Amino acid sequence: MNLRIGNGYDLHKLVRDRPLILGGVTIPHEFGLLGHSDADALTHAIMDAMLGALSLGDIGHYFPPSDPKWQGADSLVLLHQVHELIKAQGWQINNIDSVLIAERPKLKPHIKAMRDKLATTLQVNPDQIGIKATTNEKLGHLGREEGIAAYTVVLLSR
Ligand code: MG
């Protein structure tokens, strides 16, 4: 069996008057993530990890922020497209493991919904998608609630 590993990172700024969407799930909060698309940092990190595993570049190459087509885009739709790209080369997802870093809100109650949404989009079992949430212990920009970051590792097999 052929294996490829990829990692992804993303961060978006927290601002007022934007929805907070992570893993395709809208989370009630007084701030949301700023970005050209829906700014779903978790889904973006997962896409970059999938592309990175196959040395296919990054999401900015496929969905440039300069293209008005991606304005407000649902990142799960973009994730589906990245998945199609890797499937076309004969690869499948073995597992995904992610860490979300957010001081607030508490993300734990929403993790199951994120795993279910991502698993449905990627046609895998939710147990192939790990998501953990942690704070930054009030340190630095994440600790000051200026943004939310996501790290992801994905293992692909063929
Ligand atoms: Mg992003």
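Computed from heavy atoms alone, side chains included, the values below leave out hydrogens, waters and symmetry copies. Just so it is clear, the structure is predicted and the values come from calculations on it, not from any experiment.
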How far apart are the closest heavy atoms of [X] and [Y], and which atoms are they?
X: A39; Y: H44; result: CA-CE1, 4.0 Å
X: P28; Y: H110; result: CD-CE1, 3.9 Å
X: G57; Y: L51; result: O-CB, 3.3 Å
X: A53; Y: R4; result: O-NE, 3.0 Å
X: I46; Y: S98; result: CG1-OG, 4.0 Å
X: L100; Y: A150; result: CD2-CB, 3.8 Å

Check whether [X] reaches the backbone of [Y] with its side chain - one donor and one acceptor, N or O, closer than 3.5 Å.
X: E103; Y: N136; result: yes
X: D116; Y: A119; result: no
X: H36; Y: D67; result: yes

How long is the span from the [atom1] atom in [X] to the [atom2] atom in [Y], to the nearest 0.5 Å?
X: Q81; Y: L76; atom1: CD; atom2: CG; value: 12.0 Å
X: I101; Y: L11; atom1: CD1; atom2: CG; value: 9.0 Å
X: T135; Y: E145; atom1: OG1; atom2: CD; value: 10.0 Å
X: L79; Y: M50; atom1: CG; atom2: CE; value: 5.5 Å
X: H29; Y: R104; atom1: NE2; atom2: CZ; value: 4.5 Å
X: M114; Y: L107; atom1: CE; atom2: CG; value: 5.0 Å

Taking the side chain as everything from C-beta on, heavy atoms only, tell me whether [X] gets closer than 4.5 Å to [Y].
X: R115; Y: I111; value: yes
X: E146; Y: K13; value: no
X: D58; Y: H61; value: yes
X: R18; Y: F31; value: no
X: V82; Y: F63; value: yes
X: D97; Y: K132; value: yes
X: Q128; Y: L122; value: no
X: L33; Y: L20; value: yes

Exercise. Please name all residues satisfying ring-ring contact (aromatic ring centres under 6.0 Å, His included) with Y62, sequence neighbours left out, ordered by chain then number.
Key: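 With sequence neighbours excluded, Y62 shows a ring-ring contact (aromatic ring centres under 6.0 Å, His included) to no residue whatsoever.
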[X] with [Y], same ILVMFWY side-chain cluster at under 4.5 Å:
X: I93; Y: L54; result: yes
X: I131; Y: I21; result: no
X: L3; Y: I5; result: yes
X: I96; Y: V99; result: no
X: V124; Y: L78; result: yes

Quiz item: If you count the non-hydrogen atoms of other residues, nucleotides and ligands that lie under 6.0 Å from CD in E30, is the total more than 12?
Solution: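 Check passes, neighbour count above 12.
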Practice problem: Would you indicate whether D17, at its atom CG, is surrounded by more than 12 heavy atoms from other residues, nucleotides or ligands within a distance under 6.0 Å? | Solution: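 Count not over threshold, so no.
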Quiz item: Relative to the ring of Y151, is the ring of Y9 parallel (under 30°), tilted (30 to 60°) or perpendicular (over 60°)?
Solution: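 If you compare the ring of Y9 with that of Y151, the planes turn out tilted.
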Exercise. Could you check D40, D38, T121 and say which one makes a side-chain hydrogen bond (donor to acceptor under 3.5 Å, both in side chains) with S75?
Key: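 With S75 as partner, D40, D38, T121 yield a single side-chain hydrogen bond (donor to acceptor under 3.5 Å, both in side chains), made by D38.
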Quiz item: Which residues pass the side-chain hydrogen bond (donor to acceptor under 3.5 Å, both in side chains) test with Q123, sequence neighbours left out?
Solution: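 Scan of Q123 (side-chain hydrogen bond (donor to acceptor under 3.5 Å, both in side chains), adjacent residues dropped) gives K87.
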